[in-house]
**Q** 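Sending over a structure as structure tokens; questions will come in a sec.
Ligands are counted one by one from 1 in listed order, and the atoms in each one are counted from 1 as well. Only a predicted model underlies this, so the values are computations on that prediction, with no experimental measurement involved. Each residue takes its place number in the sequence, starting with 1.
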Amino acid sequence: MKVIVLGAGVAGIASAWYFWRDGHEVTVLERNDGVALETSFANGGQLSYSYVAPLASASVIPKIPPWLLRRDSPLRFRPELDLDQWRWIAQFLAACNTATADDTTQKLLRLAFYSRELMHELVGSNAMDFDYVQNGKLVVHTDPASYESAKRLLEYQRTLGAEQEALDAKHCVEIEPALESMSPRIAGAIYTPSEDAGDCYKFCNELKRIMTSGANPVSYRFGVEIQRLLPWRGRLMGVETNHGVIEADAYVLALGTNAPNLLKPLGIRVPVYPLKGYSLSLPIADDRGAPRISVTDFKRKVVYARLGGELRVAGMADLSGTRAVIDGERVDQLVSEVKTAFPKASDFRKLGPWCGMRPATPKGMPVIGNTPYANLWLNVGHGALGFTLALATGRILADLAAGRASRIPVDGFTLH
Ligand SMILES: Cc1cc2nc3c(=O)[nH]c(=O)nc-3n(C[C@H](O)[C@H](O)[C@H](O)COP(=O)(O)OP(=O)(O)OC[C@H]3O[C@@H](n4cnc5c(N)ncnc54)[C@H](O)[C@@H]3O)c2cc1C
């Protein structure tokens, strides 16, 4: 059948991949001049299969007031005259309880483990160059109380199949010598050997290369702005664009933070709101000064991944409207975080600053699956985990659209 994928971020590209592999005639529509030029461009690069616990949890509530008051806090909130923002906050606060967070963690872990399996299958059977490494991850705690609660979470996650180890500061530096400068502050860390990292932009471009070089190539139409979805008797009959109406048999909507705008006129509400984050791409100056294992500074919510010759540093979550505009103060804060954690990693002359809008849902669960319109499928709301989860959600959609059972249950991820 003819399938149109709306949006060429990592969610759209992964969907295109699995529909293409099923033999469908796939067209990807994208307003930019290439793939992965919005939120999927310079994200943290972490394939964070075992770190999926949502931001919304009971433990986050007491942290909110200091986060809101301090200008350098990892999470910032700027109220807008926007009902969607307030609705999102109300749903987020309602999800901040242990029962919901545990349920979300369990479902996301299942999805992430499935994604890991698909990633390993993908890189095992295709030659792909996207700075991919199976390098493990250290989540470093500088606060003893948070280390203790991380150890408790480790026990819980172990029951769900995550293989992790708690390490003291000395042991951390033994396995990652670049943590030497940080070691006096380290209370302990959780080490997960099975985590991967890679460059999401290159990943999407590599998938595109493979999909356009074989038989039945995927067609990419860039510079196409989707203006309206055209419903007709319980189905979509086409999408209206700046290049006219484009029609297909089935439509996969993967429009990131713009999804609610296109869905609302159809009466479909997806609770996606942009959570702005920042990254730096620092050329590595001293090989021993930059970590080889991916590192997360838990308290500062900053992640570090070595991608080829660069150190990718990402963090911040700003609930501050819908515009992806870089705030220089946030970039300075991120630079200062790296200078404290890995002072020798870079000479800091080239920073590669970037900001992106995470398509966040209040609970931290993507919205996938069917809609009240028989031939319209959703793949949106991956929040802070789009690179990690995209293969699983893309594969699940292709299975469901083909009438096959999904390998893992989709309850909790669907619209209703
Ligand atoms: C700072 C930061 C760090 C992150 N770190 C990680 C990480 O380490 N690991 C991880 O797994 N995830 C990470 N993420 C999250 C991840 O980047 C996102 O979840 C993911 O990129 C979302 O992909 P998407 O395809 O849903 O959205 P997008 O990449 O935004 O793609 C949506 C596409 O739709 C197109 N589009 C929208 N509207 C229209 C329209 N009307 N017409 C045509 N085209 C349209 C856009 O141009 C865009 O290309 C991070 C995010 C940020 C911001």
**Q** Check for me whether Val10 has a heavy atom closer than 4.0 Å to any atom of ligand 1.
**A** yes
**Q** Show every side chain to side chain donor-acceptor pair (under 3.5 Å) that has at least one partner inside residues 351-370, sequence neighbours left out.
**A** none
**Q** Indicate the ring-plane relationship of His120 and Tyr132, choosing parallel, tilted or perpendicular according to the 30° and 60° boundaries.
**A** perpendicular
**Q** May I have all residue pairs that pass side chain to side chain donor-acceptor pair (under 3.5 Å) and include part of residues 241-253, sequence neighbours excluded?
**A** none
**Q** Could you tell me whether Val224 approaches ligand 1 through its side chain, its backbone, both or neither, with non-hydrogen atoms closer than 4.0 Å?
**A** backbone
**Q** Pick whichever of Asn43, Leu29, Leu37 has a heavy atom sitting closest to atom 50 (C) of ligand 1.
**A** Asn43
**Q** Do Gly315 and ligand 1 have an N or O pair less than 3.5 Å apart?
**A** no
**Q** With heavy atoms under 4.0 Å as the rule, classify the contact between Asn32 and ligand 1 as side chain, backbone, both or neither.
**A** side chain
**Q** What residue and atom, counting heavy atoms only, is the protein's closest point to atom 9 (N) of ligand 1, and at what distance?
**A** Gln46 O, 2.8 Å
**Q** Atom 19 (O) of ligand 1: which protein heavy atom is closest, and how many Å away?
**A** Gly383 O, 2.7 Å
**Q** Looking only at distances, please establish whether an N/O atom of ligand 1 is found under 3.5 Å from an N/O atom of Gly45.
**A** yes
**Q** List ligand 1 atoms under 4.0 Å from Thr388, heavy atoms only on the residue side.
**A** 9 (N), 10 (C), 11 (O)
**Q** Would you mind telling me if ligand 1 is within reach of the side chain of Ala390, the backbone, both or neither, using heavy atoms under 4.0 Å?
**A** neither
**Q** Contact between Phe130 and Asn205 at the side-chain level, heavy atoms closer than 4.5 Å - yes or no?
**A** no
**Q** Show your working on salt bridge (Lys or Arg N to Asp or Glu O under 4.0 Å) between Asp287 and Arg306 and close with a plain yes or no.
**A** CA-CA 10 Å; Asp287 193 52; Arg306 185 192 278 245; 2.8 Å; yes
**Q** Test Lys264 against Asp84 for salt bridge (Lys or Arg N to Asp or Glu O under 4.0 Å), laying out the working first.
**A** CA-CA 12 Å; Lys264 239 184 246 172; Asp84 289 335; 2.8 Å; yes
**Q** Hey, what's the ring geometry for Phe222 with Tyr220, parallel, tilted or perpendicular (30° and 60° as the breaks)?
**A** parallel
**Q** Do ligand 1 and Phe387 have nitrogen or oxygen atoms that lie under 3.5 Å from each other?
**A** yes
**Q** Can you report which non-hydrogen protein atom sits closest to atom 12 (N) of ligand 1, along with the distance?
**A** Ala384 O, 3.0 Å
**Q** Counting from 1, what ligand 1 atoms have a heavy atom of Gly356 closer than 4.0 Å?
**A** 53 (C)
**Q** Ignoring hydrogens and geometry beyond distance, is a side-chain donor-acceptor pair present between Lys137 and Ser48 at under 3.5 Å?
**A** yes
**Q** Which one of Val313, Val302, Val331 satisfies the side chain to side chain contact (heavy atoms under 4.5 Å, CB included) criterion with Tyr278?
**A** Val331
**Q** Which of the numbered atoms in ligand 1 are under 4.0 angstrom from any heavy atom belonging to Arg358?
**A** 1 (C), 2 (C), 51 (C), 52 (C), 53 (C)
**Q** For ligand 1, indicate whether the residue Ala36 contacts it via side chain, backbone, both or neither (heavy-atom separation under 4.0 Å).
**A** neither
**Q** Give the residue, atom name and distance (to 0.1 Å) of the protein heavy atom nearest atom 48 (C) of ligand 1.
**A** Glu30 OE1, 3.4 Å
**Q** Considering only the protein, which heavy-atom contact is closest to atom 23 (O) of ligand 1, and what is its distance?
**A** Ser40 OG, 3.3 Å
**Q** Taking the side chain as every heavy atom from C-beta outward, state whether Phe413 and Leu108 have any pair of such atoms under 4.5 Å apart.
**A** yes
**Q** Can you tell which of Trp86, Trp88, Phe92 makes a ring pair (Phe, Tyr, Trp, His ring centres under 6.0 Å) with Phe77?
**A** Trp86
**Q** Would you say Ala254 touches ligand 1, if touching means a heavy atom closer than 4.0 Å?
**A** yes
**Q** Hey, mind stepping through Asn135 and Ser294 against side-chain hydrogen bond (donor to acceptor under 3.5 Å, both in side chains) and telling me if it holds?
**A** CA-CA 7 Å; Asn135 58 342; Ser294 295; 3.2 Å; yes
**Q** In terms of ring plane angle, is the pair Phe342 and Tyr304 parallel, tilted or perpendicular, where the classes change at 30° and 60°?
**A** perpendicular
**Q** Looking at atom 38 (N) of ligand 1, what's its closest protein heavy atom, distance included?
**A** Asn258 ND2, 2.9 Å
**Q** Pick from Arg330, Arg76, Lys276: which one makes a side chain to side chain donor-acceptor pair (under 3.5 Å) with Asp318?
**A** Arg330
**Q** Please work out, at 4.0 Å between heavy atoms, whether the side chain, the backbone, both, or neither of Tyr278 comes within that distance of ligand 1.
**A** backbone
**Q** Which part of Ala11 is near ligand 1, with near meaning a heavy atom under 4.0 Å away: side chain, backbone, both or neither?
**A** both
**Q** Starting from the C-alpha separation in whole Å, work towards a yes-or-no answer on salt bridge (Lys or Arg N to Asp or Glu O under 4.0 Å) for Lys107 and Asp411.
**A** CA-CA 9 Å; Lys107 289 180 170 132; Asp411 63 295; 3.7 Å; yes
**Q** Mind checking whether Thr39 contacts ligand 1 via backbone (N, CA, C, O), side chain (CB onward), both or neither, at a 4.0 Å heavy-atom cut-off?
**A** both
**Q** In terms of residue, atom name and distance, what is the protein heavy atom nearest to atom 27 (O) of ligand 1?
**A** Gly256 CA, 3.6 Å
**Q** Could you tell me, atom by atom, which parts of ligand 1 come under 4.0 Å of a heavy atom of Glu225?
**A** 40 (C), 41 (N), 42 (N)
**Q** May I ask you to identify the nearest protein heavy atom to atom 3 (C) of ligand 1, giving residue, atom name and distance to one decimal place in Å?
**A** Gly44 N, 3.4 Å
